[in-house]
Structure formats: structure tokens, C-alpha cells
Amino acid sequence: MHDLLIIGGGINGAGIARDAAGRGLKVALCEKDDLASHTSSASSKLIHGGLRYLENYEFRLVRESLGERETLLRAAPHIIWPIRIVLPVEKGMRPSWMLRIGLFIYDNLAKRAVLPGTKTLNLRNAKQGEALKEHLKKGFEYSDCWADDARLVVLNAMDARDLGANIMTQTECVGLERKDDHWVAILRKQDGLEETLKTRMVVNAAGPWVDRVLGISGKKPNDSGIRLVKGSHIIVNKLYDGDHAYLFQSPDGRVIFSIPYEDDYTLIGTTEAKWDLDNGPVTISHEEIDYLCDAVNEYFKKQISSHDIVWTYSGVRPLYDDQSDNASTVTRDYVFNLDDNEQAPILSIYGGKLTTYRKLSEHAMEKIRHHFPNMKDSWTRNSVLPGGDVEFETLPAFKEDMVAQYPWLDEKTIYRMVTAYGTKISKILEGKTNIVDMGHHYGAGLYEAEIDYMEKYEFAKSAEAILWRRSKIGLQINPGQVKALEARFCLTKAA
């Protein structure tokens, strides 16, 4: 008998699995696809307070988010690091005084020990203004953090497993039946095989499918329910030099990020459009592409069009429906719906954001504590994720140590691996003395030894998982190399 069955392998599900397992609960997690294969790999890759949420008076959410930035930076400095964001002042948009007041609140709403505060920029003589159009003369630069969202999910799942949780990917929950003081779940693998699992409680962290999970449990959805909002991003070749990002205002009141991405590219996003699960695959529309290109073209000297796009991705945000008429103003806060009337409860999670997943997990544990009075206290605030046992201030020195220790491996490949695995890079490279020991090279510094690690420790079961979630090497290899990697997984499954 398990204590918790968590349905959903996104950031909330993985975070709750880790927190609960660390408190001594017997945990199982099932995900119908791969970890982070939907919403949690389709974010803007930021750990941020949400500057524009201040306009909607969401001070609690912003304060909590701001407080989490440095907590998560300390927990995973290899996949999360500080980033400075430039906000140009544009005539006809929010005035300079309003932006400065908002940034003052942003700087002081939560304690900040590491990240520097806001400074004012003269864009005509600052490096940050070189890529911008001449009419933009003033701006502000403030701090947030960048994150590899999909790897953040994987690291939480890895830690949960190491703490005793049973992490089951490619496993869909197709039936839930309440039996007095427990649930009986029917779990179906992708090969069609089914098994049953007994659990005292269900945590419904299915994101966009949260109401469908409630349906198979026989429960009615929350009255307010969920609002699905599609967000799309585009990737283009690098538009400017520097490791800073930009935040651009749009005439419709929204904001657009432009962020350095994978060394050679620029990430631009995001859009917000109503979505329905019956619409089919989540993909970017021509209208969204035009919107994003037009938005950044108002600010950058270098103009882009759809022809410059090298990759796109889209995801559906499962926002709590607060009855707002505008998708941009729908709350990004999270809401718990606990069916606590019987001995076998089910907790459904609505909303949330990447930045607040750890606090959401803590709050979920407090919500259900009365069902598990013997579970341990909260513990994740001062803990590190796998590979994160290195200070972010010393990460550059750690990279150089790895370069010196493995001089036969391309320096760029080592840098990439350090910023993916942190100190766990030793699991891949230990015992290797030359490039031949790394095994077959699939392109862009991806060797068999690294793939073996992803399979063994990171739940990777497909070429897509390797190329687009455990890494972004898919941006750099050619179709023939992709086919070779796909063939490798086909042979593995056949064996």
C-alpha cells in the first residue's frame, strides 16, 4: 500500500514526489509520457518574480516567487543561474516613473542576498543598448534567474527516486476507484500491459488534464475549474552579443522576453491564447509567429521574420480560472482542491508556475499533513538537487577543473555537460581516458556514454527525450544523426 500516488510528471508532480519521499512517505508517480513532456518543458526558462504580476496586485505570489529565486539558485546552480534583464523605456508604453516604482517594489518585496538590484541605463552609451533602435535612450536593468525547465523536473524526479519513490514514466492512470480507506488505481503502460496499485491518497498533478483525472475518479471538477492558455516561443540565431536578456513592452499591454539561448541562439516569447484540449497537438500558429516577430522588431535594429526561425515550441498553461476576461491577467497563483470528505482523499492542483514549484510542494504537504501525522517536517529549502553540490560562484572554476582533468574531450562539450549534470558529470566520465571510451558519437558532442547515463539515471527512453528535454542538442545535429539516435533506441527496445 502506497501513501501517495501522484498523477503527472511535470514540475509540480515531481516536486511533490521529492518532498513527500523525503518526509518518509511511500510514494509512486505515474506519467503517461516522458517527464516534462508538456507544459513543464515549454516555459520561458526563467525563475522570476513576475514583474508584470504587480499590475494585477498579486503581491503574495510575487513575494513568494522572488524569495524562491535564490533558494533554487543554491539548490541547482548548474542548471539555474543569475541573469540581468534589460527593460527599455518606450514612448507610449508604461512611463519611466511607473517602471521604476515597480522595480523598486520588485527589488524589496523579498529578501535578496545574492542577486544585484536594479540600475538605470543610458542605452545610447551602454553595451546593452547596442542592439536596440536609436530612439530607445533609457532603460532599466534588473535581476532574475534563468533555468533549464525540463532538467529541473528530471532532477526532482531523480531525487525522489533516490529517496524511495517509484517513478513510472510512459504509464497512464486509466482508472481510479475508491475502496473505503484507499484508492485502487489502474495503470497502463505504453505496451498495453496494465497493473493495479493501492494508495491511501491520490495527488492529481496532471496539469491541463487535471479535470480528466477527476473524471476517471468519479469526482466532479472544481466549480471554478481550469483555464487553458497556450504559450508559444520561437528560437532564432543569436540576435545580439552579451549574456543579458530583454523585456519588451507590447502595445497590447503584454511583455515579450528575448533571452540568450544555448550559446548560439535567442529565445523569444511568449504568446497567450485560449486553448482547448480537443484542438489537437499544441503547435505555434502563423499569427503567433507574426506577433512575436513584430514585437521584437519594434526594438531591435536587426529585423527578423518567419524565415529566421530555427525552432519553435508551444505549451499549455493550466491556469486557475479566476473568471478574468483577459488571458494575460488570469492569476498565475496555484489553488488546491482537496476532496477530504472520506478516508481516501484526492488533492487536485490548479495553476502554479515553474518558480514556485518547491513552495507549492511544501504547501501541498501541509494541506495533507493531518492524513499523515507521522511524516517528517519540511526539508527542501536548504537541500540541493542532484549535481548541485557546488556553489554557483565556483561553478566556472569547476568547469575549468573538468577541462584540465579531461583534456581529450572538447571544451565546449565539457561546458555543456557541467551545466547539465553539475558534479554528476563524474558518473559519465569516470574511468574514461580517451575519446574512444565515450563510445559512438551522434553529433554535437553527444556520445554513447552520456546517453547511457540519461537512460540509467534520468528516465530517458527515446531520442526525443534526449535531444529536446534532457538536452537541446536537437538544435545542432542533422537529420541523419537524429535517425541514427532513433535507430539506437529502436534496437534497445527490441533487445
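Treat the numbers as computed from the prediction; the structure is a model and nothing was measured.
Side-chain atoms of Trp468 never come within 3.5 Å of backbone atoms of Gly474 as a donor-acceptor pair (strictly under, hydrogens ignored). The closest donor-acceptor contact from the side chain of Trp146 to the backbone of Pro82 lies at 3.5 Å or more, if one exists at all. A donor-acceptor pair is defined here as one N or O able to donate and one able to accept, closer than 3.5 Å; no such pair exists between the side chain of Lys399 and the backbone of Leu395.
A centroid separation of less than 6.0 Å is found between the aromatic rings of Tyr106 and Tyr142. Ring to ring, Tyr453 and Tyr421 are close: their centroids are under 6.0 angstrom apart.
Side chains of Lys456 and Lys427 form no contact here, defined as non-hydrogen atoms less than 4.5 Å apart. You'll find the side chain of Leu152 reaches within 4.5 Å of the side chain of Ile79, heavy atoms only. Side-chain contact check for Leu155 versus His78: some heavy-atom pair is nearer than 4.5 Å. Considering only heavy atoms from C-beta on, Met417 comes within 4.5 Å of Leu409 through its side chain. Leu4 places a side-chain heavy atom less than 4.5 Å from the side chain of Ile368. For the pair Lys198 and Trp183, the minimum side-chain heavy-atom distance is 4.5 Å or more. Looking only at side-chain heavy atoms (C-beta outward), Asp333 and Tyr53 stay at 4.5 Å or farther from each other. In this structure, the side chains of Leu115 and Arg69 come closer than 4.5 Å at one or more pairs of heavy atoms.
A cation-pi geometry, defined here as NZ or CZ lying under 6.0 Å from the six-membered ring centre and within 45° of its normal, does not hold between Lys367 and Phe336. Figure legend: Lys32 and Trp209 shown as a cation-pi pair, the cationic atom lying under 6.0 angstrom from the six-membered ring centre and within 45 degrees of its axis. Judged by the 6.0 Å and 45° rule, Lys45 forms a cation-pi pair with Tyr313.
Every residue two or more places apart in sequence or in another chain that forms a salt bridge (charged side-chain N to carboxylate O under 4.0 Å, His left out) with Glu366 is listed here: Arg23, Arg369. With sequence neighbours excluded, the residues that form a side chain to side chain donor-acceptor pair (under 3.5 Å) with Ser43 are Asp149. Remark: Lys111 pairs with no residue by the salt bridge (charged side-chain N to carboxylate O under 4.0 Å, His left out) rule, at least two apart or across chains. With sequence neighbours excluded, the residues that form a side-chain contact (heavy atoms from CB on, under 4.5 Å) with Ser40 are Ile11, Ala36, Val153. Looking at residues two or more places apart in sequence or on another chain, you find a salt bridge (charged side-chain N to carboxylate O under 4.0 Å, His left out) between Glu64 and Arg60. Among residues two or more places apart in sequence or in another chain, the salt bridge (charged side-chain N to carboxylate O under 4.0 Å, His left out) test is passed with Glu400 by none.
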After noting the C-alpha distance and the side-chain angles of Glu448 and Arg488, does the key distance pass the side chain to side chain contact (heavy atoms under 4.5 Å, CB included) rule? CA-CA 10 Å; Glu448 188 69 31; Arg488 180 241 187 240; 2.7 Å; yes
Apply salt bridge (Lys or Arg N to Asp or Glu O under 4.0 Å) to Arg470 and Asp34, showing your working. CA-CA 11 Å; Arg470 306 307 183 276; Asp34 181 32; 2.8 Å; yes
Side chain to side chain contact (heavy atoms under 4.5 Å, CB included) assessment of Thr196 paired with Leu187: CA-CA 6 Å; Thr196 60; Leu187 307 179; over 6 Å; no
Would you please test Leu446 and Leu485 for side chain to side chain contact (heavy atoms under 4.5 Å, CB included) and show each step? CA-CA 10 Å; Leu446 179 64; Leu485 185 58; 4.2 Å; yes
Determine, step by step, whether Leu228 and Leu277 satisfy the side chain to side chain contact (heavy atoms under 4.5 Å, CB included) criterion, reporting the C-alpha distance in whole Å, the side-chain angles of both residues, the deciding distance to 0.1 Å, and the verdict. CA-CA 8 Å; Leu228 301 181; Leu277 291 177; 3.6 Å; yes
Salt bridge (Lys or Arg N to Asp or Glu O under 4.0 Å) between Glu68 and Lys359, worked out: CA-CA 8 Å; Glu68 283 298 283; Lys359 289 295 291 185; 5.4 Å; no
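In this structure, NZ in Lys230 is found 4.5 Å from CH2 in Trp275, a value given to the nearest 0.5 Å. Distance check: Leu319 CG to Ile226 CD1 gives 7.5 Å after rounding to the nearest 0.5 Å. Separating the OG1 atom in Thr355 from the CG atom in Asp144 is a distance of 8.0 Å, to the nearest 0.5 Å. Interatomic distance, Ser37 OG to Glu464 CD, rounded to the nearest 0.5 Å: 8.0 Å. Rounded to the nearest 0.5 angstrom, Lys353 NZ and Tyr334 OH are separated by 10.5 Å. Note that SG of Cys173 is 9.0 Å distant from CE of Met168, once rounded to the nearest 0.5 Å.
Between Lys189 and Glu194, no side-chain nitrogen of the basic residue sits less than 4.0 Å from a carboxylate oxygen of the acidic one, so the salt-bridge criterion is not met. Using a cutoff of 4.0 Å between basic side-chain nitrogens and carboxylate oxygens, Arg200 and Asp3 are scored as salt-bridged. By the 4.0 Å N-to-carboxylate-O rule, Arg212 lies close enough to Asp278 to be salt-bridged with it. Using a 4.0 Å cut-off between charged side-chain N and carboxylate O, Arg381 and Glu362 make no salt bridge. Using a 4.0 Å cut-off between charged nitrogen and carboxylate oxygen, Arg178 and Asp339 count as a salt-bridge pair. A salt bridge between Asp162 and Lys424 is absent, with no side-chain N of the basic residue lying under 4.0 Å from a carboxylate O of the acidic one.
Tyr350 and Asp211 form a side-chain donor-acceptor contact under 3.5 Å, judged by distance and modelled atom types alone. For the residue pair Ser143 / Arg84, a side-chain donor-acceptor distance below 3.5 Å is found, with atom types taken as modelled. Defined by atom type and a distance below 3.5 Å, a donor-acceptor pair is present between the side-chain atoms of His370 and Asp340. No side-chain donor-acceptor contact under 3.5 Å links Asn337 and Ser348. With 3.5 Å as the limit, one finds no donor-acceptor pair spanning the side chains of Arg358 and Ser378. Using a 3.5 Å distance cut-off with no hydrogens or angles, the side chains of Ser44 and His233 do pair a donor with an acceptor.
Scanning both residues, Asp33 and Thr169, for their nearest heavy atoms gives O-CB, 3.7 Å. The two atoms that bring Leu176 and Ala185 nearest to each other are CD2-CB, 3.7 Å, heavy atoms only. Nearest heavy atoms, Gly315 versus Ala42: CA-CB, 3.6 Å. In terms of heavy atoms, Ile284 sits closest to Ser314 at N-OG, 3.1 Å.
Residue Ile80 is tested with Leu385, Ile47, Leu46 for a side-chain contact (heavy atoms from CB on, under 4.5 Å); the sole match is Ile47. Here the rule is side chain to side chain donor-acceptor pair (under 3.5 Å) with Arg416, and of Glu262, Glu450, Glu411 only Glu450 fits it.
Enclosure of atom CG in Asp243 is not indicated, since only 12 or fewer non-hydrogen atoms of other residues, nucleotides or ligands lie within 6.0 angstrom.
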